[in-house]
*Asks:* 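Mind looking over this structure? Questions follow.
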Amino acid sequence: FNLLQLTIYAYTSATPETALFNVRLNELCVGGRVEEAEHLLLNSLACTISMDGNNCLKLGKIVAVECSLDLKWHNVEPDITSFNTVMNGWTKHGRKQVRRRAEGLLKKLQMMSEISQQGDNDADFVGYTYPQPNEVSYNIALNGLAKGGAPERAEELLAQMEVSDQAWKNPTLISYNTCIDAWACSNSKHAHIKAGNIVKKMIRKGIEPNTITYSNMIRCYRPILAEVDDAAQQCEKILWTMKKKAKESSDPSKIAPNVVTYQVLLNLLPKASTRKRQKKADNLFREMLVDEDTPAPNLRTFRAIVNAWAKSYDLDAPKKIAEIIQLVEEKHASGHENMAPSVVLYAELANAWAKSKNPSKAKRAASILRKVTRVYQETGSAAMRPNVHLYHAVLNACSSCANSAYYDSQSQRDALKVAFAVFKNMEKQKYAVPDVSTYDLLFRAARNLLPIGGARNDVVIALFEKCKRDGFVGDHIVKLVKSCADEKTYSDMFACAIGEEDESCCKYGKKVVHLHKIPKDWRRKASDFNHSENRLI
């Protein structure tokens, strides 16, 4: 067992055996075996039932597992830490809906505790009394509902806590913040109203909101930012309120906006309906750089503003992102180890070039890939290893050079050369393997950058052969190939799956591909493949 974990549990457990048992539960939960941890907990409870009468039957129905416990845990009496450990394990489960099972375990604990207390009153119990849920138990259950996408149920549980006549069951600041977080994680357009009502209840009960409270409130405006004109102003108003309260407070650190608050705003403001949304986000970022009263930006902050610029379609976006990346590089060079630039920033810069109308954007995006590759080869930094997102950003920059109003024939030829040079590079190295999106972008590049005719057909055939080899010929690729190649080339490539359409399918009688006839080896990795026998393209 982990010695540190055992030491921690020893202070919170009644006996050494229970401490060891709790460490084992924690190991199972951390290892993703929460189901096994809960089974172990309930089995241990089944083994502790040593009474006769109705209470035993009631508890047996709640536990509802066989007593098949390992002998070394046979005499263990689980405590409230045992339940909280398993409940917390459910809140960290990979599947969203499964996280709600923390509430289910809390309900079992509540029922067993109530029956246990009745048994104590009737002298039916021998030795062991089931633990009562504590403040931590309820907050864990609230967290499970918040992460599980059930804000209504979280608010119902909060209401139960509010009306309880037991002081330890009454909600705390953490309880209210978790319930607001539940609404912030939802996509409800009423989330900001619900959060505001919760804050009012907090204040009426004498609980002062803190930085986390207001940061979560800002997040609640996300679903309506693109629709409601003053939503961005309301977010900024909350930030102003935090600053004002911090100046008036004896302990400003509890209410002052922190770096997370600014990151939330930087992520949300670019999604607002106002035309000045990007300028607002950039002003906020510049404020963090120069104002000593605001928290200093960290690497996540830089990523947030870079992402905002990359999605803005602003003509100056590539220039702005390049300046921000240069600032990150300077900070890292000056000794800030936690400010090491990563491939994520450079991929966003390549994406910004892809969305621009610059005739040389394909070459500029390719130069970013070369720089990242060179730095990775020189330093071996895992953060700078070129990934598939960077390669796709460069390919996107190439395939989007289609409009002749912005790109002359030379620019398009250069873009096509860059696209296939990048693809060739992907095939050689091991850290960015081509996938269906890679072929999507390459087929688009061939369609957008080459005129209809023999040259385009040759390129499409060569790409199709590689796509077949890699097993990505799904519905989407078939449609792309059809839009790239002429009818004869298309028919030749899919000769094994082509048939004549009847009048009910197409009045022109053209040849079409019967998708279910495509060889399985061609489509073994195509996640979008439709197996219906009557699918035609």
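Index from 1, following the sequence.
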*Asks:* For the residue pair R413 and Q410, establish whether any side-chain heavy-atom pair is separated by less than 4.5 Å.
*Replies:* yes

*Asks:* For E227, is there an ion pair with K189 - N to carboxylate O distance below 4.0 angstrom?
*Replies:*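 E227 and K189: salt-bridged.
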
*Asks:* Under a 4.5 Å cut-off applied to non-hydrogen side-chain atoms, are M493 and V481 in contact?
*Replies:* yes

*Asks:* May I ask you to check whether S334 and H332 show a side-chain donor-acceptor distance below 3.5 Å?
*Replies:*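 Checked: S334/H332 side chains show no N/O donor-acceptor pair below 3.5 Å.
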
*Asks:* Between N177 and T213, do the side chains contain an N or O donor and an N or O acceptor separated by less than 3.5 Å?
*Replies:* yes

*Asks:* Using the side-chain hydrogen bond (donor to acceptor under 3.5 Å, both in side chains) rule, collect all pairs that involve residues 375-391, keeping only residues at least two apart or in two chains.
*Replies:* Y391-N425

*Asks:* Looking at L416, I want to see if its CG is surrounded by more than 12 non-hydrogen atoms of other residues, nucleotides or ligands under 6.0 Å.
*Replies:*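 Yes, CG of L416 has more than 12 neighbouring heavy atoms, counting only those of other groups under 6.0 Å.
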
*Asks:* Flag yes if more than 12 heavy atoms outside K417 fall under 6.0 Å of its NZ atom; otherwise flag no.
*Replies:* no

*Asks:* Answer yes or no: is there a side-chain heavy-atom contact under 4.5 Å between R286 and D282?
*Replies:*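 Side-chain contact under 4.5 Å: yes.
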
*Asks:* If you look only at distance, which donor and acceptor atoms sit under 3.5 Å apart when one is on a side chain in residues 394-401 and the other is two or more places apart or in another chain?
*Replies:*
from, atom 1, to, atom 2, distance (Å)
S399, OG, L395, O, 3.3
S399, OG, N396, O, 3.3
S400, OG, A354, O, 3.3
S400, OG, K361, NZ, 2.8
S400, OG, N396, O, 2.8
S400, OG, A397, O, 3.3

*Asks:* Would F494 and F464 count as a close aromatic pair, with their ring centres under 6.0 Å?
*Replies:* yes

*Asks:* Would you call K319 and D316 a salt bridge, taking side-chain N to carboxylate O under 4.0 Å as the test?
*Replies:*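 D316 and K319: not salt-bridged.
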
*Asks:* Using the side-chain hydrogen bond (donor to acceptor under 3.5 Å, both in side chains) definition, which of the options H192, E155, E152 pairs with W183?
*Replies:*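 Only match with W183 under side-chain hydrogen bond (donor to acceptor under 3.5 Å, both in side chains): E155.
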
*Asks:* So, D181 and R219, do they make that salt bridge, N to O below 4.0 Å?
*Replies:* yes

*Asks:* What do you reckon, is CD1 of I174 surrounded by more than 12 foreign heavy atoms closer than 6.0 Å?
*Replies:*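 No, because the 6.0 Å sphere around CD1 of I174 holds 12 heavy atoms or fewer from other groups.
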
*Asks:* If only atom types and distance count, is the side chain of Q429 paired as donor or acceptor with the main-chain N or O of M426 below 3.5 Å?
*Replies:* yes

*Asks:* Does any donor atom in the side chain of N358 or S356 lie under 3.5 Å from an acceptor atom in the other side chain?
*Replies:*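 Result is no, nothing qualifies.
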
*Asks:* Apply side-chain contact (heavy atoms from CB on, under 4.5 Å) to residues K280 and E236 and explain how you reach the verdict.
*Replies:* CA-CA 10 Å; K280 287 176 178 289; E236 292 177 302; 3.2 Å; yes

*Asks:* Just by distance, no angles: are the side chains of S411 and D408 close enough, under 3.5 Å, to form a donor-acceptor pair?
*Replies:* yes

*Asks:* Looking only at atom types and distance, does a side-chain atom of N457 sit under 3.5 Å from a main-chain N or O of G453, one as donor and one as acceptor?
*Replies:*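 Side chain of N457 to backbone of G453: a pair is present.
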
*Asks:* Indicate yes or no: at least one non-hydrogen side-chain atom of V228 is less than 4.5 angstrom from one of Y221.
*Replies:*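 Not touching, per the 4.5 Å side-chain cut-off.
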
*Asks:* Side chains of T85 and N88: do they bring a donor and an acceptor to under 3.5 Å?
*Replies:*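 No - no donor-acceptor pair under 3.5 Å links their side chains.
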
*Asks:* Does I452, at its CD1 atom, have more than 12 non-hydrogen atoms belonging to other residues, nucleotides or ligands within less than 6.0 Å?
*Replies:* no

*Asks:* Quick check: do L157 and L145 have side-chain heavy atoms less than 4.5 Å from each other?
*Replies:*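 L157 vs L145: side chains touch.
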
*Asks:* Sorted by first residue and then second, give each side-chain hydrogen bond (donor to acceptor under 3.5 Å, both in side chains) pair with at least one member in residues 297-307; sequence neighbours left out.
*Replies:* Q263-N298, Q263-T301, N298-T301, R303-S342

*Asks:* Taking only Lys NZ, Arg NE, NH1 and NH2, and the carboxylate oxygens of Asp or Glu, determine whether R153 and E156 approach each other closer than 4.0 Å.
*Replies:*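 A salt bridge is absent here (no side-chain N lies under 4.0 Å from a carboxylate O).
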
*Asks:* Any heavy-atom pair between the side chains of I477 and R523 that's under 4.5 Å?
*Replies:* no

*Asks:* Should we say atom NZ of K331 is surrounded by more than 12 heavy atoms from elsewhere, each under 6.0 Å from it?
*Replies:*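 Enclosed.
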
*Asks:* Taking the basic N atoms (NZ, or NE/NH1/NH2) and the acidic carboxylate oxygens, is any pair closer than 4.0 Å for D414 and K363?
*Replies:* yes

*Asks:* Check this for me: does any side-chain nitrogen of one of R444 and D440 sit under 4.0 Å from a carboxylate oxygen of the other?
*Replies:* yes

*Asks:* Within the structure provided, determine whether R524 and F472 are in side-chain contact (heavy-atom separation under 4.5 Å).
*Replies:*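 No - every pair of side-chain heavy atoms lies 4.5 Å or more apart.
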
*Asks:* Using side chain to side chain contact (heavy atoms under 4.5 Å, CB included) as the criterion, point out the one residue from I368, V375, L369 that pairs with P386.
*Replies:* L369

*Asks:* Any luck finding a side-chain donor-acceptor pair between N187 and R222 under 3.5 Å?
*Replies:*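 The answer is yes; a qualifying pair exists.
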
*Asks:* With a 4.5 Å cut-off on side-chain heavy atoms, are E348 and W309 touching?
*Replies:* no

*Asks:* Testing the 3.5 Å rule here: is there a donor-acceptor pair between the side chains of N258 and T261?
*Replies:* yes

*Asks:* Decide if atom CG of L289 counts as having more than 12 heavy atoms of other residues, nucleotides or ligands within a radius under 6.0 Å.
*Replies:* yes

*Asks:* Are F285 and F302 an aromatic pair, judged by ring center distance below 6.0 Å?
*Replies:*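 Yes, the ring centres sit under 6.0 Å apart.
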
*Asks:* From K424 NZ over to E427 CD, what is the distance, rounded to the nearest 0.5 angstrom?
*Replies:*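 One finds 9.0 Å between NZ of K424 and CD of E427.
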
